[in-house]
Amino acid sequence: MSFGKEILRLDNICKSFPAVKALDQVNLSVRAGEVRGLVGENGAGKSTLIKVVTGAYIKDSGKMIFEDKEVSRNSPIISKELGIYAVYQDVMVAQDLSVAENFFLGNQPKRGPFIDWGKMHRESKKFLEEIEVDIDVKRSIKELSAAEGKMITIAKALWQNPKLVIFDEPTAVLTRNETKILFRIIKNLREKGSAIIYISHNLEEVFDTCDTVTVLKDGAVVGTYTTEELGSVEKLIPLMVGRAIEEMYYKKEVAIGQELLRVENLSGSKFKNITINVKAGEILGIFGLVGAGRTDIARAIFGADKFDKGKIIANGKEISIRKPKDSLKSGVGYLPEDRRNQGTFAQQDIEFNVNAINLDKVMKAGILNYKKAYEQTKEYVDKLSIKIGSVYQKVSDLSGGNQQKVVIARWLCRNPDVLIFDEPTAGIDVGTKAEIYRLFNEILNQEKGIILISSYLPELIGLSDRILVISNGMVAGEVERKDFSEEYLLTLAMKNIVSKEKIREAV
Amino acid sequence: MKSNQRKAFAERNLLIILAVMAVYLTIATKGNFSSWDNITNLIRQSSINGVVAIGMTLIIITGGIDLSVGSIVGLSGMVYALLTSNRGDIQMASSLAIILALGVSALIGLANGVAVHNGKVPPFIATLGMMTLVRGIVMYSSSGRMISGLPMEFREFSVATMLGIPALAWTWIFLAIFMAFVLKYTMYGRNLYAIGSNIEAARLSGINIGSNLYNFYVTAGLFSGIAGLMLGTRMAAGVPTGGQGYELDAIASVVIGGASLSGGVGSIFGTALGALIIQTLRNGGNLLGVDPFIMQIIIGAIIILAVFFDQYLKGRKTG
Amino acid sequence: MKSNQRKAFAERNLLIILAVMAVYLTIATKGNFSSWDNITNLIRQSSINGVVAIGMTLIIITGGIDLSVGSIVGLSGMVYALLTSNRGDIQMASSLAIILALGVSALIGLANGVAVHNGKVPPFIATLGMMTLVRGIVMYSSSGRMISGLPMEFREFSVATMLGIPALAWTWIFLAIFMAFVLKYTMYGRNLYAIGSNIEAARLSGINIGSNLYNFYVTAGLFSGIAGLMLGTRMAAGVPTGGQGYELDAIASVVIGGASLSGGVGSIFGTALGALIIQTLRNGGNLLGVDPFIMQIIIGAIIILAVFFDQYLKGRKTG
Amino acid sequence: ADVEPYDVAFIIKATDSDFWQYTIVGAKNAELDLKGLVKVTVYGPPSESDIDEQVAILENVVSTKPDAIVIASTSAEATSLVLDGAYKQGIKVILIDNFVYDTEYNSFLATNNKVGGSLAAEKLVESLEAAGKPLQGKIGLISAMAGVPVLIERDDGFRDKLKELAPDLEVLSTRYVDNDIAVAANATEDLLTANPDLIGFFADNNHTGDGVSRVIEERSLQDKIIAVAYDSDPQEIDALRSGALKALILQDPHGMGYKGVMFAFMAINGEPLPQYYDTGVYVVTKENLDDSIWILDPFSRKKY
Ligand SMILES: Nc1ncnc2c1ncn2[C@@H]1O[C@H](COP(=O)(O)OP(=O)(O)OP(=O)(O)O)[C@@H](O)[C@H]1O
Ligand SMILES: Nc1ncnc2c1ncn2[C@@H]1O[C@H](COP(=O)(O)OP(=O)(O)OP(=O)(O)O)[C@@H](O)[C@H]1O
Ligand SMILES: O[C@@H]1[C@@H](O)[C@H](O)OC[C@H]1O
Ligand SMILES: [Mg+2]
Ligand SMILES: [Mg+2]
């Protein structure tokens, strides 16, 4: 493979936070036209590295050389002028501004000294249409989904035509169709001679997209390899986690028991006549294209949103669910898909976050026992190998994946009869995914049930006993394990979709 | 719904609330309320708070708050008075004194900006400290006394009219339209919303947070300074307590006008309506001659109800 | 580092700031400042604001703000005075009057909570309206006059001491320790921080937002009510303007104490230190006999510098 | 002058107005006249609504153990216990402007504000008659602030006397204006709009007087609206001259300050003092304006 000249070189970069050494003597070199994968466990230091490159963090020591010139002082403004553009892991958009404005944020088109709104709308609309992103540019980001917000920042990368583009975990919130658009954008950028750094926990994706891969572990570089020399994902995993993972979707056969939860003819604004049941020892997968309404259904069952009609029966009794508290009492739990806005208590520590719904177990006569609270937290931190400095560390100081694990720990600790997981493994490294899947088995062994909502088909197929497919707010079919196949599930997912555009999403 | 439409719509609620109040007061005062005389009074009475509130709108959109505006109002008027009073030692040309008064006001604004941005002092505390400090300066420089003997043409500005509308009101209207335009059509304005909406995203988009924050705080200081001069013409003197308590009225105007104290949201037009609603309550109370204590109870209730009603109308359409 | 350590650490900065001020004042006043007499004065003088600020801490941790505290202070004192004054019509037992005064205060708190939670009125506006409304009630019920002739034992509470420390100070210390414990060791406290950090995540964790918010606002009302009685013993009368402006001191104490106005962060101990720092400034100025205007300028500057310094020390260790 | 001067603490209600600055001029003049025998230190909260802060100031002052305290107490009871304690420690206590119950003290110097208010009513009626207006119609009462005892006394004195002198004049419900001139002006405008038969105003302190007179000047209503106000400041003096105000009811703040310090000195030396000393009320109109500058502007008597 031959790439262009060296765009970015990092020499012995170090960066520490009070609790951890996040980057330890990192060396890295990326060339024009090269797509570099950056992989590593949660908390390995990937996002930190990116932020050092863009100047969002100040490095402690080491050199950064961009196009043969040392960048001794860096800041987001300086790196932008150098031609570095980053799509950060957490969606970084101004919620109150429109799509068009976010698209041009920082360099809106002007006529004279004044913003040219017409041009801004026209150009952003035209550009988004060209790359087949279908979003009304006049809407404010607040009204969009996280995926749409992220698409804006991704599309901007192509528009700005920078010398170095960094994508940090871009696909975690994207739909299939949007992911495809992303790959087209990357291809396009590469052809134009940009260097690209691509971070993802989806290793297949990394293999498909990248020319070379750098593995990071505990803040240090393990090595850089071409995808050709590695050959397969299986070769990459031990480099990352220090061991091979034999069976990712290892599923012990647990006897399926009595019905734990039954939802009959549930209807709401985005879904109609949904009937679902889960039994003890069973994982019910729910599949659908993004926007199919899976989250809405889950939230309605959990009492987070109101629904119009329908019955919810838990352990044989019809229950009335008006708020999350009711469903928690009836033994139903829900892990939300939007960790940042609905999951973490950012300013609070890990103990607080894990115990948020588990205080009853560590309280006596209404008084909290901090020792027990600590032990309870530590137990799950260890089980999920959450990378932390201390359980009394603020959760916002953790890496993205580790924050997700904290929220999962909260629910595993609660251990309700039926646990609804909405995209639980988004942003989680392979090693931990395997851990979490093993924990699923533990849950099932206790005669509990799991509803798993996931857009990642291999995971759904690997773990579920049955898969319910939702299409456009309606049940399109229920598939038994023996009939699982990607094609079949996708066909069902498109069943109620009429428009051509939507069908294209699945292809 | 498009967000532009939604904004217009949000302000429509306030217009409705204002209209309901106006209709009620017109009936209750047998037409007195909507006499041309009273309407011009009302606008003039709102104008000083209105101008302060424009500056406050900027700061609130950044997600901050500015408690120092009232003291800056006092300072600006006092600086002008000390420099022009025919009873003092210095007797400067009015125009020069105006420039100096505004310059000092802008400087205090800048100090706020530096404390907030470079000092990382939360805006509430930075401007609270500045409120106390600046009031101390006003008191010290005037020995706590009123300074009168201001130039005649300055004093007459408070009653001057143009096309039947008071000059003070024109000042407000002009500044409001100007700033509404700036917020919508310039980088300055768009950076304001970007920073207020998500400062981290703004920073990572290469927007210079520091220089923008300075700009906003300086502007807020400047508007308070202008309001101080307006108050000066109305009081025909530099008054040591001038502007005291104005921060609350300004903040209330901005928030009633639809802005959110967590930043990113707010509009000049909304703020103007907020300022009018507040002054209408006071004006109405005076016209009706209600027992002042009962009036106070009613005003308190209406402030809450106006915003409740606004929220309710919004909620019904979007929820 | 453990976050407990970190919190203690944050407060350690404030302790350092307070210590520096104390050392300076002791030297400058030739020991007067640290006389036992003055120290007890200082704590007593801080106690009323200190108690109001405890309630304010809760509201600020929720991400709200409570501007009505000062009016509730006034109301509580006035209710007590009206019910017990030997110059009035009713002359109730002191204990019963205390219960009624606190009950009314709690009720106003509840009204705030309802406006904020059910009415979706932003806390700033809900409590601003309530501030005006309640002050109107205080004025109306007393016809704007001071109500004196309170029971002697009530008046003497303000100078009573226990182990040499004023009863007012004990009241504050006891309430602060109690609430610090509640915030740290009970569901009530945990829910407070959860709601303040992320209200949506709190809801999805099965926390009942409404009833918790009511609790917090009622508590804040109650603490203001207690402070009103404390002020009552100090004023030896129901004062119509009693408590006016207390909201600013309380908010300043809370924010100097390390809380964030965007919610989720704050501690009772920090707030107590904040209240002491503010009062030390005033007390020191009085002891030094500095020109009051200069003093005002210095106080303003020190408020900003104290927080700047605190931020700076924090930043150095973590950045 | 080798003797240590006596420490006299001079505590005012607020630092923010001309009135209290006038008392300071008096106190400092007395200090000068006593030629190094006393040292006067001035204390005061920023505003008159800071009652609690004044009590704190007093406590702090007591702990510095001055020889005498001259105080204009904002409240009639809040300072009792502390003042009484100070008196018992041997600190001389001189009250000015505002009485304090339940404390021992050496002397009390003040204006009788009820009398002041009734004088205002008399002057208003006289001026209405002089302008040839029938004693019929409405009178606006603009008060600086609700709940302030001295203002309440003035307003009561005014209302009572007016009812007696001119029962057909209706005093409208009081407008309170937060001691803000602009707000006072707004209220004046609004009352004029609402009441075409309004013929006069009483403003119960200098800021309200400024607001009322400003509107009268702006609209040239000198002949139509008869206004009387309390206290003095440069604006009010101008207004008196221009006819926007017909009379000013004045206290003697300089006297309170001067005599307060003198009385303190006498008390320290064990000389007998009157229990109550009336510092008097003065009425100034256009006629005697030029002879009254000493009382209108005590700064003209500043000696230091
Ligand atoms: N602002 C911060 N303050 C303190 N520690 C931090 C901060 N940001 C990151 N860390 C720590 O630095 C380490 C590296 O984090 P980083 O976010 O770079 O990991 P990552 O490789 O991106 O992980 P993930 O795959 O989960 O996103 C982690 O241990 C994390 O807890
Ligand atoms: N916060 C939001 N604001 C506006 N629209 C939203 C929001 N969240 C989701 N949507 C939109 O609502 C629709 C239904 O979303 P929902 O989350 O129920 O679907 P889903 O099948 O769970 O898909 P996903 O995999 O994205 O969770 C989608 O079109 C989505 O874009
Ligand atoms: O007595 C004083 C009064 O005359 C002045 O108007 O304001 C302050 C008062 O307390
Ligand atoms: Mg990361
Ligand atoms: Mg979903």
Side-chain angles (χ1 to χ4, degrees), chain B residues 29-30 32-33 35 37-38 40-42 44-46 48-49 73 85 87 132 135-136 138-140 142-149 155-156 158-159 230-246 249 279 282-296, chain D residues 12 14-22 24-25 44 46-49 138 140-143 146-147 172-196 206-207 210-211 213-215 217-220 232-239 297 299:
Chain B
T29 62
K30 307 201 181 67
N32 252 340
F33 177 81
S35 66
D37 227 41
N38 190 56
T40 54
N41 269 346
L42 181 62
R44 184 178 44 200
Q45 291 168 2
S46 316
I48 296 175
N49 169 36
V73 165
S85 164
R87 290 161 209 186
T132 309
R135 182 64 64 190
V138 176
M139 291 289 172
Y140 185 76
S142 63
S143 310
R145 306 193 59 205
M146 189 177 279
I147 307 294
S148 58
R155 302 170 52 175
E156 277 168 351
S158 79
V159 279
M230 293 165 73
L231 183 66
T233 77
R234 190 133 170 83
M235 299 192 300
V239 179
T241 53
Q244 212 157 282
Y246 282 23
D249 267 10
Q279 193 56 36
R282 303 231 169 96
N283 175 279
N286 287 336
L287 292 188
L288 292 172
V290 189
D291 173 305
F293 301 146
I294 300 277
M295 193 59 218
Q296 203 175 347
Chain D
I12 50 180
T15 52
D16 67 1
S17 75
D18 285 78
F19 184 88
W20 296 111
Q21 296 302 321
Y22 293 159
I24 296 175
V25 172
S47 129
E48 285 189 23
S49 58
K138 290 182 179 139
L141 201 174
I142 312 285
S143 175
L172 295 169
S173 74
T174 314
R175 307 325 299 182
Y176 296 99
V177 297
D178 290 335
N179 211 18
D180 185 313
I181 299 173
V183 178
N186 293 347
T188 306
E189 288 174 339
D190 293 345
L191 291 186
L192 288 172
T193 305
N195 305 283
N206 59 325
H207 280 174
D210 294 336
S213 61
R214 186 75 184 120
V215 174
E217 271 167 6
E218 281 177 352
R219 307 186 169 193
S220 309
S232 84
D233 66 26
Q235 287 290 95
E236 282 192 320
I237 301 171
D238 287 349
D297 182 12
F299 266 79

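Chain A is the first sequence line, chain B the second, and so forth, proteins listed ahead of strands; every chain is numbered from 1.
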For this session: Heavy-atom distances under 4.5 Å only: say whether B:V290 touches chain D with side chain, backbone, both or neither.
Result: backbone

Exercise. Is there a donor-acceptor pair closer than 3.5 Å between any side-chain N or O of D:R214 and the backbone N or O of B:R234?
Worked result: yes

Exercise. Hey, which of B:P240, B:A236, B:G289 has the most heavy atom pairs under 4.5 Å with chain D?
Worked result: B:A236

Exercise. Quick check: does any side chain N or O of D:N195 sit under 3.5 Å from a backbone N or O of D:L191, one acting as donor and the other as acceptor?
Worked result: yes

Exercise. With respect to chain B, which residue among D:T15, D:D16, D:N186, D:D210 yields the maximal number of heavy-atom pairs within a distance under 4.5 Å?
Worked result: D:N186

Exercise. What are the two closest heavy atoms between B:S85 and B:S148, and how far apart are they?
Worked result: OG-O, 2.6 Å

Problem set entry | Non-neighbouring partners of D:T193 that pass side chain to side chain contact (heavy atoms under 4.5 Å, CB included), sequence neighbours left out | B:N32, B:S35, B:N38, B:N41, B:L287

For this session: Would you mind checking which part of B:Q296 comes under 4.5 Å of any heavy atom in chain D, side chain (CB onward), backbone (N, CA, C, O), both or neither?
Result: neither

Exercise. B:T233 versus chain D, heavy atoms under 4.5 Å apart: side chain, backbone, both or neither?
Worked result: backbone

For this session: Under 4.5 Å, counting heavy-atom pairs only, tell me which of B:E156, B:R87, B:K30 racks up the most with chain D.
Result: B:R87

For this session: Evaluate the side-chain proximity of D:R175 to D:S173: yes if any heavy-atom separation is below 4.5 Å, no if none is.
Result: yes

For this session: With rounding to the nearest 0.5 Å, note down the distance linking OG in D:S143 to NE2 in D:H207.
Result: 13.5 Å

Problem set entry | Portion of D:Q235 that has a non-hydrogen atom of chain B nearer than 4.5 angstrom | both

Exercise. With chain D, which of B:T29, B:T132, B:N286, B:D291 has the greatest number of heavy-atom pairs at distances under 4.5 Å?
Worked result: B:N286

Seminar exercise, completed: Scanning both residues in full, the closest heavy-atom pair of D:G140 with D:L172 reads CA-CD1, 4.5 Å

Exercise. With a 4.5 angstrom heavy-atom cut-off, which part of B:F33 approaches chain D: side chain, backbone, both or neither?
Worked result: neither

Problem set entry | Part of B:M235 within contact of chain D (heavy atom distance under 4.5 Å) | both

Exercise. If you take all heavy atoms of B:F293 and D:A146, which pair is closest and at what distance?
Worked result: CE2-CB, 3.6 Å

Seminar exercise, completed: If one checks every heavy atom of D:D178 against chain B at 4.5 Å, the contacting part turns out to be neither

